[in-house]
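Here the structure is laid out as structure tokens; the discussion comes afterwards.
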Amino acid sequence: DTFCRCSSLENITIPDSVTSICNHAFYECTSITSISIPHSVTSIDDYAFYGTSLINLSIPASVASIGEGAFNGCKSLANVTIGNNDSAEKRSTEIGNSAFSECTSLSSVTIGNNVTSIGAAAFSDCSSLTSVTIPNSVTSIGDHAFFECELVTLTMGNGVNYIDSCAFLNCEQLYEVN
């Protein structure tokens, strides 16, 4: 709970000495609009950035786990890149339950080919999300993972062998599935 509910922080550069961003570290720090996460970070824990005002987010391929609700309720978040397809350093990355749920401005998600699982409700209620490409590396998609998204196009890799119940429930605009 290092900076929990701090309303004055706006921009954060995390030093290379940090390997984990702990539970609730920046929870409801409502003024945070940008963050730089170094390649030394291997985990972003539960609710670490819940309710912040982040706009763009790049999570390096070094991060092996994105915890439950880590970016939940970040209503200004528009663009997310998880992993880096070109990185030499790749870990198997798991996107936790509700990690990005209720990010209502989220319109662009790039899921790197190091991501292996998408947790339950990971992107639920992301009402601006219209297109998603799930790479071959992803083997499982949790229940309600994309619930209430406005998906029009879904491209799913051939590695997916498990899709839990209601993963795409109420994606009423879903027109094209590849």
Side-chain angles (χ1 to χ4, degrees), residues 1-126 128-129 132-142 145:
D1 296 346
T2 312
F3 297 100
C4 187
R5 293 193 172 102
C6 176
S7 60
S8 60
L9 283 175
E10 292 179 8
N11 303 306
I12 303 169
T13 300
I14 295 175
D16 290 339
S17 58
V18 173
T19 59
S20 182
I21 302 171
C22 294
N23 294 347
H24 299 88
F26 299 97
Y27 181 91
E28 289 189 344
C29 291
T30 55
S31 296
I32 294 176
T33 57
S34 71
I35 184 166
S36 177
I37 301 172
H39 289 278
S40 60
V41 174
T42 59
S43 68
I44 300 172
D45 295 341
D46 298 350
Y47 302 97
F49 294 95
Y50 175 92
T52 62
S53 296
L54 289 169
I55 298 168
N56 297 306
L57 176 65
S58 181
I59 298 173
S62 60
V63 175
S65 64
I66 301 170
E68 181 174 338
F71 298 93
N72 187 315
C74 294
K75 297 191 184 303
S76 300
L77 189 59
N79 303 295
V80 173
T81 299
I82 304 167
N84 179 344
N85 292 335
D86 300 324
S87 176
E89 178 188 10
K90 291 183 182 174
R91 296 177 186 256
S92 176
T93 301
E94 297 180 356
I95 301 173
N97 297 345
S98 302
F100 296 94
S101 72
E102 298 182 31
C103 293
T104 54
S105 297
L106 189 58
S107 60
S108 173
V109 175
T110 302
I111 301 174
N113 59 18
N114 60 310
V115 175
T116 57
S117 67
I118 299 172
F123 295 96
S124 68
D125 296 303
C126 291
S128 297
L129 192 56
V132 171
T133 298
I134 298 172
N136 292 336
S137 58
V138 173
T139 59
S140 67
I141 301 171

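Each residue takes its place number in the sequence, starting with 1.
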Side-chain heavy-atom pair Val80, Phe123 within 4.5 angstrom cut-off: no
In terms of side-chain heavy atoms, does Ser76 have a donor or acceptor partner in Ser53 at a distance below 3.5 Å? no
Does the side chain of Tyr50 pick up a donor-acceptor pair with the side chain of Glu28 at under 3.5 Å? no
Quick one: pull up OG1 in Thr30 and CD in Glu10 and give me the separation to the nearest 0.5 Å. 10.0 Å
Which one of Val138, Ile134, Thr139 satisfies the side chain to side chain contact (heavy atoms under 4.5 Å, CB included) criterion with Val115? Val138
Nearest atoms (heavy-atom pairs only) where Pro135 meets Gly112: CG-O, 3.4 Å
Can you check whether Val63's main-chain N or O pairs, donor with acceptor, with Thr93's side chain at less than 3.5 Å? yes
Is it the case that the side chains of Thr42 and Thr19 hold a donor-acceptor pair, with the cut-off being a distance below 3.5 Å and no angle test? no
Pairwise side-chain contact, Ile111 with Ile118, heavy-atom cut-off 4.5 Å (strictly under): yes
For Asp16, does its backbone N or O pair with a side-chain atom of Ser40 as donor and acceptor, under 3.5 Å? yes
Considering all heavy atoms, the nearest Ala122-Ile95 contact: CB-CG2, 4.0 Å
Could you please spell out the steps behind the side chain to side chain contact (heavy atoms under 4.5 Å, CB included) verdict for Ile82 and Phe100? CA-CA 11 Å; Ile82 304 167; Phe100 296 94; 3.8 Å; yes
Nearest 0.5 angstrom please: Phe71 CZ to Ile44 CD1, how far? 4.0 Å
Looking only at heavy atoms, the pair that brings Thr116 and Ser92 closest together is CG2-OG, 3.0 Å
Can you see which heavy atom on Pro60 is nearest to which on Pro38, and at what distance? CG-O, 3.5 Å
Report the distance from atom CG of Asn113 to atom OG1 of Thr133, rounding to the nearest 0.5 Å. 12.5 Å
Run the numbers on Asp125 and Thr104 for side chain to side chain contact (heavy atoms under 4.5 Å, CB included), then give the verdict. CA-CA 7 Å; Asp125 296 303; Thr104 54; 5.7 Å; no
Ser128 vs Leu106 side-chain heavy atoms within contact, under 4.5 Å: no
To the nearest 0.5 Å, atom CD1 of Ile55 lies from atom OG of Ser34 at 8.0 Å
With rounding to the nearest 0.5 Å, note down the distance linking CG in Asp46 to OH in Tyr27. 12.0 Å
Do you know which two heavy atoms are closest between Ile66 and Ala99, and how far apart they sit? CG2-CB, 4.0 Å
Non-hydrogen side-chain atoms of Asn114 and Ser137 separated by less than 4.5 Å: no
Side-chain contact, heavy-atom cut-off 4.5 Å: Ile35 with Thr52? no
Ser62 OG to His39 NE2 distance, which is reported to the nearest 0.5 Å: 6.5 Å
